[in-house]
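Data block below; observations after.
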Amino acid sequence: MSTDYVLQTTDLVKEFKGFTAVDSVSLNIERGSIHALIGPNGAGKTTVFNLLTKFLTPTRGRILYNGRDITTMKPAAVARLGLIRSFQISAVFPHLTVLENVRIALQRKESNSFHFWRSEKVLEPLNAKAMELLDQVGLSEFARTTTVDLSYGRKRALEIATTLALDPELMLLDEPTQGMGHEDVDVVAALIKKVSANRTILMVEHNLHVVSRLADRITVLQRGAVLTEGDYDSVSADPRVKEAYLGVAADEEVSAEGGAASDKVEVQERVSA
Amino acid sequence: MTTYGEKIRISDLHAFYGESHILHGIDLNVKQGELVTLLGRNGAGRSTTLRAIMNMVGKRSGTININGRQTIGMASHRIAHLGIGYCPEERAIFSSLNVEENLMLPPAVRSDGMSVEEIYSMFPNLYERRYSQGTRLSGGEQQMLALARILRSGANILLLDEITEGLAPVIVKKLGEVLQKLKERGLTILLVEQNFRFAAPIADRHYVMEHGHIVEEVRADELEARADMLHTYLGV
Amino acid sequence: MKMTKTKIAIFVVLGLLAPLVVYPVFLMKVLCFALFACAFNLLLGFTGLLSFGHAAFLGTGGYVTGYLMINTGLTPELGILCGTLAAGVVGAVYGKLAVKREGIYFAMVTLALAQLLFFVYLQAPFTGGEDGLQGVPRGALFGLIDLNDNMNLYYLVYAIFLFGFWLVFRTVHSPFGQILKAIRENEPRAISLGYNVTQYKWVAFVISAALAGLAGSTKTLVFQLASLNDVHWHLSGEVVLMTLLGGMGTIAGPLVGAGVVVTIQNFLSGGELGNYVSIIMGVIFIVCVLLFRNGIVGELQRLIKRNFS
Amino acid sequence: AGISDDKVKIGVLADMGGVYADICGEGCVTAVQMAVEDFGGTVLGKPIEIVSADDQNKPDVGSSIVRKWIDNEQVDTVTGLVASSVTGAVAKVLTDSKKIALISTSASHAFTTKACSPYNVQWTYNVVALANGTVKPMVGAGKWRWFFITADYAFGHALESVATEVVNSSGGEVLGAVRAPLGTTDFSSYVLQAQSSGADVIALANAGTDFTNSLKTAAEFGLTQTADVAGLLVFTSNAQALDPEIAGGMKLTTGFYWDMDEQTREWSKRFKERHGSIPAMGQAGAYSMTMHYLKAVEAAGTDDSDTVIRKMKEMKPDDFFARNATLRNDGRMVHDMYQVRIKKADERANPDDIFAIENVIPGEEAFGPMLAECDFK
Amino acid sequence: MATFLGINLFGLFGQLLVGLINGSFYALLSLGLAIIFGLLKIINFAQGAMYMLGAFAAWMALNYFGINYWAALIVVPLVVGFAGVVIERFLLRPIAGEDHLYSLLLTFGIALVLQGLFTQIYGASGQPYSIPDELKGGTKLPFMYLPDYRAWIIVASVLVCGLTWFMIEKTRLGAYLRAGTENPAILQAFGINVPLIVTLTFGFGVGLAGFAGVMAAPVYSVSPDMGSNMLIVVFAIVVIGGMGSIGGAILTGLGMGIIEGLTKYFYPEASTTVIFAVMVIVLLMKPAGLFGKEA
Ligand SMILES: Nc1ncnc2c1ncn2[C@@H]1O[C@H](COP(=O)(O)OP(=O)(O)OP(=O)(O)O)[C@@H](O)[C@H]1O
Ligand SMILES: Nc1ncnc2c1ncn2[C@@H]1O[C@H](COP(=O)(O)OP(=O)(O)OP(=O)(O)O)[C@@H](O)[C@H]1O
Ligand SMILES: CC(C)C[C@H](N)C(=O)O
Ligand SMILES: [Mg+2]
Ligand SMILES: [Mg+2]
């Protein structure tokens with residue numbers, strides 16, 4: 001095989017009491033790419049994420065990371081291998097300072113995390129690196145702020161900085177632009193682009209604009225199964241995608257299967273028509 | 001202050017979840033028999049507006065008049081008894097109840113609600129599955145059930161949050177017809193909707209929300225003319 | 001309240017002088033319970049885990065120290081060390097079971113496990129059952145300093161307390177403490193950053209259990225007695241009260257809370273007011289929960305913050 | 001010599017609200033107060049003070065109170081002393097500080113045998129006397145096979161083991177024993193265990209409400225009809241609390257009964273006026289031994305413990321309680337004990353008319369000999 | 001004596017029956033806890049105190065007002081339930097939104113106050129309450145003598161548990177309860193007075209404890225600490241059964257009583273610990289409890 005895959009799944013299945021949320025999904029994520037996972041609400045995107053990061057155990061199927069079988073590993077173990085996720089709901093440590101938030105992540109690589117007999121001053125050498133990361137996401141002036149007081153978009157940025165601190169090989173972003181004003185969306189999209197250098201990113205995103213700008217490759221899920229895969233142009237031209245996700249059937253009938261994104265696209269189409 | 005026929009009148013409504021201030025002074029009104037939508041991008045505060053009307057947010061201030069009654073200090077079950085039916089975004093079908101129990105759960109808030117027969121004839125799927133557990137229904141069926149149970153209660157002011165989400169086109173179409181019919185019966189509807197195509201043909205007016213403010217009000221007949229504005233607020 | 005050098009110095013000196021004014025056995029009791037509460041607070045205040053069975057560790061420390069002192073003629077420092085280790089071992093086992101659960105469930109599980117141990121101690125031959133271990137010799141520290149002298153013993157207890165207090169302080173402000181804080185704030189996020197949170201909670205649990213055992217061992221030496229009361233769930237409730245009253249999640253809170261509670265008990269015990277102890281404790285619980293969830297130290301800190309910054 | 005701190009202070013440690021409260025709680029405090037008043041309120045010109053406290057039947061509570069009394073409140077001697085578990089812990093503290101323990105109500109014989117101390121004085125009765133007085137005659141009457149329901153602490157263990165020895169040495173057999181924690185409320189499973197043993201006698205080696213509860217349950221499950229139930233330690237207040245149907249006819253041993261003669265009646269009447277109920281044996285004992293202590297202080301001219309205890313042992317106790325009595329060097333007060341029978345309903349002239357005295361056991365016979373190693377001069 | 005494989009059957013059946021009787025109390029108490037936990041997410045530490053209150057109320061009713069056992073069986077649960085209503089309304093509601101640990105601590109405080117109060121007034125040793133005349137005596141079974149009152153305990157509590165289960169699982173009111181457990185906010189938005197239901201539910205759960213208290217008065221002596229001793233065991237049972245599961249609480253309560261009875265026969269030393277040991281095992285195998293839903 002010539003292509004280098006960071007992550008591969010084979011026939012991944014997740015059933016919830018008789019309901020199949022993820023149905024034989026086989027994904028191949030190419031090293032160094034930005035890969036997007038899209039699909040209507042309830043298609044199983046978040047569930048796939050949860051399976052990959054081990055927050056859920058697959059009913060069947062296999063997950064290979066760098067050729068290594070991680071199907072039955074614990075979440076923290078997977079994270080230590082460099083497969084790091086961010087959350088759909090903002091995930092920060094609200095009552096720590098911004099700097100401490102990043103430092104918690106940096107600390108993981110240190111060997112002193114169980115050292116309860118030492119002063120936290122031993123962590124100070126990490127501050128410089130933390131500042132550097134905050135700088136990258138434009139948060140350096142907030143380093144001493146308590147995190148609760150940050151605005152939504154900045155929390156999002158902080159979360160990305162925290163994730164970067166782990167120097168992940170594969171970053172999983174679940175709807176990184178959800179709930180953002182469009183200025184924020186652009187900032188975050190640019191940020192993702194910037195940090196994608198030298199690493200692989202798998203993201204769930206409803207905002208097709210972002211997807212079209214960033215994604216090298218797109219997998220469309222529907223009812224738990226892969227509908228199609230390809231780059232933006234080929235995927236968005238696929239009539240099945242149009243029907244199931246974009247909601248524009250061949251005969252231009254209304255389709256409501258699509259979620260938020262499809263309708264935004266439609267409004268756009270309508271108003272710009 | 002209330003003109004006759006005005007079912008909902010909200011002014012200077014602020015709402016909070018804990019410390020975070022979500023709605024910053026909303027003003028809106030809905031007249032009897034009107035169908036009004038709230039548009040806006042994710043997180044604009046549309047669901048929060050409906051929840052604030054039901055007194056389901058952390059804290060709220062301002063005035064909310066329902067049928068001319070100030071409700072800002074009222075507990076949410078009393079507000080319901082003013083004739084409001086609320087269909088939440090997350091559907092909230094109860095998994096420990098079967099379909100029929102779910103349907104019968106909301107007590108009648110007015111006497112002229114739809115009868116169970118009427119409802120079953122409108123949604124035959126529900127009749128077929130009336131003894132199965134509420135959450136075993138398909139997403140679409142759950143959505144139908146969520147809507148059906150407030151119709152049965154006799155509410156004549158409906159607050160509907162994203163009722164078309166996840167529904168197959170044919171059901172969406174049917175829902176459109178149902179809403180049209182309800183309107184004809186004189187019911188008042190405040191609709192939060194992402195699916196603009198669904199909302200546009202049946203709505204009388206639209207409010208556009210952003211960051212917890214109402215930024216525009218658009219009548220149905222102005223839609224074409226103000227397409228650019230909508231583009232700015234809703235488009236990408 | 002920032003722990004400045006001068007404040008610490010004043011605090012230490014006060015402790016050194018206290019027995020000249022106050023009845024030393026009373027002071028030792030306060031110090032033992034303060035240490036117990038500090039240990040408990042490491043879990044509740046700094047890890048977010050409410051253990052409702054901490055008496056199990058206090059009691060284990062006490063029984064093991066008592067048993068060894070009576071039957072083997074060990075010197076007190078070794079007796080205390082063994083008691084502490086034993087409590088740590090029990091803590092390690094119980095911790096493994098308990099840290100898997102969260103919130104209320106954690107509280108219930110620790111409570112039930114502690115009760116299990118209570119019944120074991122009630123029936124085990126080496127604890128003396130209802131009679132307890134009576135007449136534990138205090139012995140001589142390192143075989144040299146006679147601890148039957150209350151003053152000598154006081155300074156030993158004080159030293160032990162300072163050590164425990166320091167250890168809690170150090171743990172909270174250590175690299176490990178940082179992770180605990182992160183876990184308390186947002187557990188799923190800590191997991192996703194690659195931390196094995198159950199492991200961290202477990203270590204915190206073991207430290208806390210061992211320190212509680214240290215408090216129990218010391219208490220046995222002071223009172224020359226280890227009894228079922230030390231493993232009873234009432235005591236587990238009392239330490240919650242001390243911590244809540246003093247201010248959970250504050251370093252000085254448990255000390256203040258223990259001081260207040262022990263003083264009240266001491267004042268009421270014996271006299272006609274004996275039965276009011278439990279009523280008053282209950283009322284304090286209710287008032288704390290309804291009105292001062294931050295506790296005495298917590299409220300003071302808030303006042304200071306509001307007025308001086 | 002002389003009186004330390006210019007006063008003689010007596011601590012009364014008792015169970016103020018627990019299972020033994022009726023036996024030696026406030027009643028013991030009243031008895032000690034009466035003794036102090038009868039003595040005149042002062043000794044060698046110095047006032048006599050009383051402090052009292054509730055030990056909740058918990059050794060740690062009791063011993064920390066006593067420690068505080070001695071270190072902080074100049075208490076010279078402690079009396080009351082109810083549950084043997086508490087007394088065990090307290091007596092050690094007292095001995096360490098060379099203070100006299102005036103044990104009125106604890107029954108364990110350990111205080112004058114394996115845990116004996118020059119500072120222990122045990123007055124009213126002990127488990128040896130109970131077993132000798134109650135068990136021996138029953139085995140003699142042909143009740144061979146025994147089963148015990150035992151209070152699970154020092155007292156119960158002591159009583160069970162002494163009684164077992166008596167059963168065995170009298171030619172009987174012990175089929176088994178169950179141990180119920182102090183304060184057990186549901187004795188049904190213990191009673192069933194006793195029942196399925198098939199014994200002739202179910203002996204209750206417990207006391208206070210443990211005794212009444214276990215006897216009631218035994219009656220409820222029909223045990224009283226198929227076997228003899230023997231109460232090894234029954235106080236008047238407990239016998240009073242029971243339905244005469246259930247308790248009537250039971251034979252037992254006691255160290256004192258209020259209605260024995262003029263002397264006992266005179267004191268008991270005064271006690272009842274103050275306390276509201278007739279005295280139980282421990283209460284009478286507490287009075288008697290406090291009196292004896294104060295007399296010894298007066299005679300010795302000091303409250304120094306070593307001198308006083310010597311004096312106490314020299315002087316012969318003699319009052320309405322202590323008949324044919326001596327205080328032995330091991331601290332055991334040896335006096336007459338009584339075999340009594342609980343009266344049936346129709347025999348009772350009034351609610352206080354509970355026991356009928358059947359036999360007087362001379363002290364020597366009841367308490368047995370002194371151990372050589374406990375012979376403190 | 002009937003024996004089988006060296007087992008004394010009389011003894012065994014006797015212990016099983018006593019186990020079942022204890023199990024009846026466990027079931028009543030854990031049912032009350034489960035109902036309260038289900039709807040309010042409150043671990044009611046005062047449940048034991050309410051049980052004690054029930055027994056004392058029966059005692060006081062008899063001794064102060066001449067109300068007999070049968071009337072007490074109706075009146076006392078109402079009185080105790082009312083006490084619960086007051087507690088919910090004035091103490092628990094103000095902290096409804098806070099961490100659930102606080103409600104646990106608050107009810108713990110209430111338990112301490114009640115227990116202390118009754119110890120102060122009535123002493124720790126307990127008050128006698130006699131078996132109603134109608135149920136004195138007993139029945140001679142082949143293997144044991146069964147006192148009528150003990151038989152009545154089993155019948156009455158199984159009946160009450162069954163009725164409660166039926167009411168919650170099969171009636172409209174029960175539907176409100178179940179729905180309220182899942183999503184109280186939406187239920188209230190449908191026009192149902194959820195705060196009232198919450199208050200009444202708390203009152204009902206506590207009233208069950210009061211009922212158990214009246215049932216217990218004639219067999220266990222009425223004492224201030226009767227509840228606290230029982231409560232911890234009941235907590236363990238609730239953990240074993242799975243928190244909040246109604247049927248689970250009832251079945252586990254009865255089952256644990258029986259297991260305890262068996263242990264009393266085969267290895268009496270372990271009888272006080274067996275329930276906790278079962279709890280540890282269940283937690284290891286099925287963390288959510290036997291009948292609980294996985295979190
Ligand atoms: N724990 C669970 N138990 C039962 N069903 C579940 C569970 N989690 C998810 N599901 C179901 O699995 C399906 C897929 O859910 P998932 O959250 O993966 O969708 P998604 O593609 O991420 O949707 P969205 O765009 O709304 O985030 C849904 O129908 C959901 O109801
Ligand atoms: N329970 C809550 N606690 C705190 N913040 C909340 C809560 N619910 C919503 N929010 C925040 O309030 C804001 C408005 O949310 P709302 O649900 O009203 O948005 P919306 O316009 O309905 O969008 P959506 O398309 O997501 O439904 C968002 O920023 C959201 O994060
Ligand atoms: C009050 C008495 C029954 C006390 C008992 N004799 C004991 O020694 O513990
Ligand atoms: Mg999702
Ligand atoms: Mg919404």
Under 4.5 Å, counting heavy-atom pairs only, tell me which of [options] racks up the most with chain C.
| options | value |
| --- | --- |
| E:Val113, E:Ile275, E:Ile110 | E:Val113 |
| E:Val238, E:Leu114, E:Leu91, E:Thr272 | E:Thr272 |
| E:Ala111, E:Ser228, E:Ala270, E:Ala236 | E:Ser228 |

Is a side-chain donor-acceptor pair under 3.5 Å present for [Y] with [X]?
| X | Y | answer |
| --- | --- | --- |
| C:Gln265 | C:Glu238 | yes |
| E:Ser24 | E:Asn22 | no |
| C:His54 | C:Ser51 | yes |
| E:Glu88 | E:Thr199 | yes |
| C:Asn229 | C:Ser227 | no |

Chain C contact via [X] - which portion, at a heavy-atom distance below 4.5 Å:
| X | answer |
| --- | --- |
| E:Ile232 | side chain |
| E:Leu283 | side chain |
| E:Ile95 | side chain |
| E:Leu105 | both |
| E:Phe108 | side chain |
| E:Thr107 | neither |

Which atoms of [X] approach chain E - backbone, side chain, both or neither, heavy atom under 4.5 Å:
| X | value |
| --- | --- |
| C:Ile286 | both |
| C:Val240 | side chain |
| C:Val287 | neither |

OH/E:Tyr64: more than 12 non-hydrogen atoms of other groups inside 6.0 Å: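 Yes, OH of E:Tyr64 has more than 12 neighbouring heavy atoms, counting only those of other groups under 6.0 Å.
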OH (C:Tyr67) with more than 12 external heavy atoms under 6.0 Å: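 No - once you tally the heavy atoms of other residues, nucleotides and ligands closer than 6.0 Å, there are 12 at most.
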So do the side chains of E:Val79 and E:Leu53 get within less than 4.5 Å of each other, counting heavy atoms only?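 A side-chain contact under 4.5 Å is absent here.
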Run E:Ile43 and C:Phe52 through side-chain contact (heavy atoms from CB on, under 4.5 Å) and show every step you take. CA-CA 13 Å; E:Ile43 296 286; C:Phe52 225 100; over 6 Å; no
Do any of residues 110-119 of chain C come closer than 4.5 Å to chain E, heavy atom to heavy atom, and if so which ones, in number order?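 Result: C:Leu111, C:Ala112, C:Leu113, C:Gln115, C:Leu116, C:Phe119.
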Within 45° of the six-membered ring axis of E:Phe37 and under 6.0 Å from that ring's centre, is NZ or CZ of E:Lys41 located there?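 Flagged: E:Lys41 positioned over aromatic ring of E:Phe37.
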If the plane angle is over 60° it's perpendicular, under 30° parallel, otherwise tilted; pick one for C:Tyr63 and C:Phe126.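 Ring orientation of C:Tyr63 relative to C:Phe126: perpendicular.
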Parallel, tilted or perpendicular: which one describes the rings of E:Phe118 and E:Tyr122, with boundaries at 30° and 60°?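 The arrangement is parallel - the two ring planes meet at less than 30°.
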